[in-house]
Amino acid sequence: MEDMLAREAIRDVIARYTMAGDRLKIDDFAACFTADANLESEHVPADRAFRFEGLSQIRAWQQGWLDSAAAGTPVHAATFVRHHLTTSQIEITGDGSAAARTYWQAWTNIGPDHAGIYLDRLRKEADGRWLIAHRRVRMDWEAENSLFRTAIPLSREAKGNGTNHASPG
């Protein structure tokens, strides 16, 4: 029963991440991560790679996307984005630790835009919440006319540097 409840809590945090990211709800997005979390890309061209270390970098990255959109200079051409989660395999790896692999696909104005896998390590916090401690966003495919191809370079320009600003997929 405990494993079943853990798996459901993990599915919930994975879904909350997706919903908050698509809606640029920064507090909700940040609440999905441990304080020492890492978020990084995998299988993307070097100019679109990212790695954020710690909750403050993850939060600042999301804030940059929100600020760019509010200023009328969004970092991508999509007028909407929806990440859809499909198959998810969750393994309880220890007392208060788990690993998950979840397939995702992003839809935008053009239809299917890009897709991949979230590779997560999760941790149960002292207050009982399961949170993402490390997420690798692996991109396996993108449309030739993907509306997200500009997102990472433009988000770097918006922040005035070339590091730690990117899209979670």
Side-chain angles (χ1 to χ4, degrees), residues 3-26 28-34 36-55 57-59 61-62 65 75-78 80-94 96-125 129-153 155-156 163-169:
D3 280 3
M4 184 177 71
L5 292 172
R7 282 183 172 76
E8 191 55 33
I10 290 166
R11 273 189 264 285
D12 181 66
V13 76
I14 291 169
R16 285 187 291 116
Y17 165 95
T18 303
M19 298 290 284
D22 284 350
R23 298 170 63 220
L24 291 176
K25 299 291 186 181
I26 296 167
D28 295 344
F29 188 83
C32 296
F33 293 94
T34 63
D36 62 345
N38 290 312
L39 174 63
E40 63 185 317
S41 62
E42 185 174 288
H43 289 210
V44 297
D47 67 328
R48 291 189 270 156
F50 62 86
R51 179 173 172 83
F52 302 99
E53 297 179 0
L55 190 54
Q57 282 188 6
I58 293 168
R59 182 184 261 297
W61 163 69
Q62 276 285 285
W65 281 60
V75 297
H76 58 75
F80 80 93
V81 62
R82 298 293 182 271
H83 286 78
H84 297 273
L85 305 176
T86 61
T87 305
S88 185
Q89 181 181 32
I90 300 166
E91 177 186 358
I92 306 301
T93 58
S97 65
R101 295 175 56 90
T102 305
Y103 297 157
W104 58 267
Q105 53 185 263
W107 285 64
T108 66
N109 312 45
I110 65 167
D113 195 286
H114 54 290
I117 302 174
Y118 294 138
L119 302 162
D120 295 326
R121 286 194 328 251
L122 300 107
R123 186 170 64 222
K124 187 175 184 179
E125 298 291 279
R129 294 177 303 141
W130 281 91
L131 300 176
I132 300 167
H134 187 230
R135 168 163 278 184
R136 290 179 309 175
V137 179
R138 186 170 92 189
M139 186 169 66
D140 292 332
W141 171 85
E142 70 179 333
E144 274 187 42
N145 56 342
S146 170
L147 299 180
F148 267 74
R149 286 192 178 181
T150 61
I152 294 164
S155 66
R156 288 181 179 142
T163 61
N164 290 340
H165 300 285
S167 167

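As the structure is a prediction and not an experimental result, all values here were calculated from the model. We use all heavy atoms of the structure for the numbers below, so side chains are in, but hydrogens, waters and symmetry mates are not.
- Taking 4.5 Å as the limit, some side-chain heavy atom of R123 sits within range of a side-chain heavy atom of E125.
- Note that the CG atom of L39 and the CD1 atom of I58 stand 5.0 Å from one another [nearest 0.5 Å].
- Interatomic distance, R129 CZ to D12 CG, rounded to the nearest 0.5 Å: 11.5 Å.
- Looking at T34, its side chain never comes within 3.5 Å of a backbone N or O of L131 through a donor-acceptor pair.
- R16 has its side chain out of reach of D28: every pair of non-hydrogen atoms, C-beta onward, lies at least 4.5 Å apart.
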Checklist line | Residues D113, V81; criterion side-chain contact (heavy atoms from CB on, under 4.5 Å); working and verdict | finding: CA-CA 9 Å; D113 195 286; V81 62; over 6 Å; no
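- Distance check, rounded to the nearest 0.5 Å: CD1 of I90 to OG1 of T102 gives 6.5 Å.
- For the residue pair L55 and A30, the shortest heavy atom distance occurs at CD1-O, 3.5 Å.
- For the pair I132/Y118, no side-chain contact is recorded, criterion being any heavy-atom separation below 4.5 Å from C-beta on.
- Side-chain atoms of E40 and H134, non-hydrogen and from C-beta on, do get closer than 4.5 Å to each other.
- Contact detail for L147 and H76: the closest heavy-atom pair is O-CB, 3.2 Å.
- Here the side chains of N38 and R121 are not in contact, with every heavy-atom distance at 4.5 Å or above.
- Between W104 and H114, the distance from one ring center to the other falls under 6.0 angstrom.
- Closest approach of G96 and W130 over heavy atoms only: C-CH2, 3.5 Å.
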Checklist line | Verdict with reasoning, V44 to F50, per side-chain contact (heavy atoms from CB on, under 4.5 Å) | finding: CA-CA 9 Å; V44 297; F50 62 86; 5.9 Å; no
Checklist line | Derivation and outcome, side-chain contact (heavy atoms from CB on, under 4.5 Å), residues I92 and K124 | finding: CA-CA 11 Å; I92 306 301; K124 187 175 184 179; over 6 Å; no
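- Here the closest heavy-atom approach between residue Y17 and residue C32 is recorded as N-SG, 3.4 Å.
- In this structure a side-chain-to-backbone donor-acceptor pair under 3.5 Å is missing from R136 to I117.
- Minimum interatomic distance between S41 and A49 (heavy atoms only, all atoms of both residues): OG-CA, 3.2 Å.
- Taking 4.5 Å as the limit, some side-chain heavy atom of P112 sits within range of a side-chain heavy atom of W107.
- Annotation: the span from F33 atom CZ to R135 atom CZ amounts to 6.0 Å, rounded to 0.5 Å.
- Of all non-hydrogen atoms in R149 and E144, the two that sit nearest each other are NH1-O, 3.3 Å.
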Notebook entry, point to check: Would I10 and R7 satisfy side-chain contact (heavy atoms from CB on, under 4.5 Å), going step by step from the backbone distance to the final call?
Noted result: CA-CA 5 Å; I10 290 166; R7 282 183 172 76; 5.6 Å; no
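- The distance from atom CD of Q105 to atom CH2 of W141, rounded to the nearest 0.5 Å, is 8.5 Å.
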